[in-house]
Every structure is written in structure tokens, then in C-alpha cells.
Amino acid sequence: MVTHRAFTFHLGTELPAFPVPAGFARRLLLEPMQNNLSIRALHRKELKMGELVLPFGGRPRDQLVDPAFLIAKDNQGRVSRAGTPAFDRVRELIADAVNGTPAEVTEFVMDAAAIYHRVVPLGQKWPEYSAEDE
């Protein structure tokens, strides 16, 4: 088995409405295999992908929304931890790809984590998320 870092955009698919109906979003949020939140971007000029990830497991529930637990994955699947130069490079790549700042990219993930924290059941158990190089 190998890890394949790819994803597909279904350009012909449309959301049923915007904003999406509450049940639609809740169903995605409460998917049993959900073990992280992330933002992944392709940088057109650099031809690289970067991902900022907040894994859920391995800490108390009251620390779910904490940027200290963020990791970044570069184009090759190498993992870096918050506060390291490699992490900052990936976050800057993502920020540039979405015309934002590194702080805004972090805020996107933390805002999503705050929403998730409010709706996920207190007893939720998450599958393990591998924070190792791929």
C-alpha cells in the first residue's frame, strides 16, 4: 500500500444552495472518519501543493481549537510542526496561493475547528491521524 497525495475537483458539481442547508454541512462534519481539518492549496506559479492540518486526536477535548497543534505538509508529504521554518514556508505558500496572509490561513482552520468543536458530540472518538512524513 502507498499513500497517493491527490484530490479531484468535480467542476460540474454544484452545491444544492448557498449557504448549504444545515443538514448537508452537519452530515459532513460528523462523518465518523473525520480526524482532522485542513486547508490544501495548489500554487500555480510554484507548481507545488501545501496543506495546513489540524489533527484532532492526542489531546484533551478542550484543546481541540489550538494552533499549537497545527502541522503542515509540503508538496512531497513531508510534515513540519508549528513554529518551525519548514512549517512557515508551507503556510506562506498556501497564503500566497489563496491571496491571503499566513495569519489568515491559520485563522481559516481555527474558525473551522471552533465550528466543529461546537457541533461534534462530547464523546467523539477520532481515528488516528498520521503526522509522519508520507
Side-chain angles (χ1 to χ4, degrees):
M1 294 186 62
V2 297
T3 300
H4 178 68
R5 293 186 54 74
F7 56 97
T8 304
F9 291 108
H10 299 285
L11 298 176
T13 303
E14 294 182 15
L15 292 173
F18 188 81
V20 296
F24 180 84
R26 183 173 296 275
R27 203 168 51 252
L28 295 176
L29 282 173
L30 300 179
E31 165 63 40
M33 295 306 292
Q34 179 82 22
N35 64 357
N36 74 88
L37 287 170
S38 69
I39 182 171
R40 187 182 304 173
L42 299 170
H43 195 285
R44 287 183 163 194
K45 290 180 188 169
E46 298 289 329
L47 299 177
K48 293 181 180 177
M49 182 180 74
E51 185 175 12
L52 189 63
V53 184
L54 180 66
F56 293 148
R59 63 184 179 277
R61 173 67 182 260
D62 64 347
Q63 294 176 3
L64 185 69
V65 186
D66 187 337
F69 293 98
L70 285 168
I71 61 171
K73 291 187 176 184
D74 70 9
N75 198 56
Q76 299 302 313
R78 287 182 294 254
V79 173
S80 54
R81 308 254 177 233
T84 66
F87 176 91
D88 291 340
R89 282 192 297 275
V90 172
R91 193 171 63 143
E92 288 167 8
L93 178 89
I94 296 166
D96 190 50
V98 299
N99 294 322
T101 66
E104 288 172 325
V105 170
T106 297
E107 188 177 337
F108 295 155
V109 177
M110 291 299 99
D111 286 352
I115 292 168
Y116 182 78
H117 188 312
R118 284 195 305 268
V119 300
V120 73
L122 286 175
Q124 179 75 26
K125 301 288 185 221
W126 296 287
E128 184 177 339
Y129 181 89
S130 175
E132 302 300 320
D133 291 349
E134 295 176 352

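Heads up: numbering here begins at 1 and tracks the sequence.
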Derivation and outcome, side-chain contact (heavy atoms from CB on, under 4.5 Å), residues Phe108 and Leu52: CA-CA 10 Å; Phe108 295 155; Leu52 189 63; over 6 Å; no

side-chain contact (heavy atoms from CB on, under 4.5 Å) between Lys48 and Asp74: does it pass, once the steps are laid out? CA-CA 8 Å; Lys48 293 181 180 177; Asp74 70 9; over 6 Å; no

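Using a 4.5 Å heavy-atom threshold, the side chains of Leu70 and Val53 count as separate. Counting heavy atoms from C-beta outward, Thr106 and Arg91 have side chains that approach closer than 4.5 Å. Residues Ile94 and Arg89 are not in side-chain contact: their nearest non-hydrogen atoms beyond the backbone lie 4.5 Å or more apart. Proximity of Ser80 to Asp88: side-chain heavy atoms (C-beta onward) are nowhere separated by under 4.5 Å. Side chains of His117 and Arg61 form a contact here, defined as non-hydrogen atoms less than 4.5 Å apart.
Considering every non-hydrogen atom in both Val98 and Val105, the closest pair reads CG2-CG2, 4.2 Å. The heavy-atom pair separating Val79 from Glu132 by the smallest distance is CG2-O, 3.3 Å. Residue Arg81 comes nearest to Thr84 through the heavy atom pair O-OG1, 2.8 Å, listed as atom of the first residue, atom of the second, then distance. Here the closest non-hydrogen pair linking Gln34 and Trp126 is O-CD1, 3.1 Å. Across all non-hydrogen atoms, the minimal contact from Asn35 to Pro127 is CB-O, 3.2 Å. Residues Leu54 and Arg59 share a closest heavy-atom pair of CD1-NH2, 3.5 Å.
Follow the hydrophobic side-chain contacts under 4.5 Å out from Leu93 and you never reach Ile71; the two are in separate clusters. With hydrophobic clusters built from ILVMFWY side chains whose heavy atoms lie under 4.5 angstrom apart, Leu37 shares a cluster with Leu64. Val65 is connected to Phe69 through a chain of hydrophobic side-chain contacts under 4.5 Å among Ile, Leu, Val, Met, Phe, Trp and Tyr, so both are in one cluster.
Within 6.0 Å of CD in Glu128 there are 12 or fewer heavy atoms belonging to other residues, nucleotides or ligands.
Judged by distance alone, with hydrogens and angles left aside, the side-chain atoms of Asn75 form a donor-acceptor pair with the main-chain N or O of Met49 at under 3.5 Å.
The distance from the CD atom of Glu104 to the CD atom of Glu107 is 7.0 Å, given to the nearest 0.5 Å.
The residues Lys73 and Glu51 are annotated as not salt-bridged, no charged nitrogen and carboxylate oxygen being separated by less than 4.0 angstrom.
Taking the six-membered ring where the residue is Trp, Phe56 and Tyr116 present parallel rings, their angle staying beneath 30° rather than reaching 60°.
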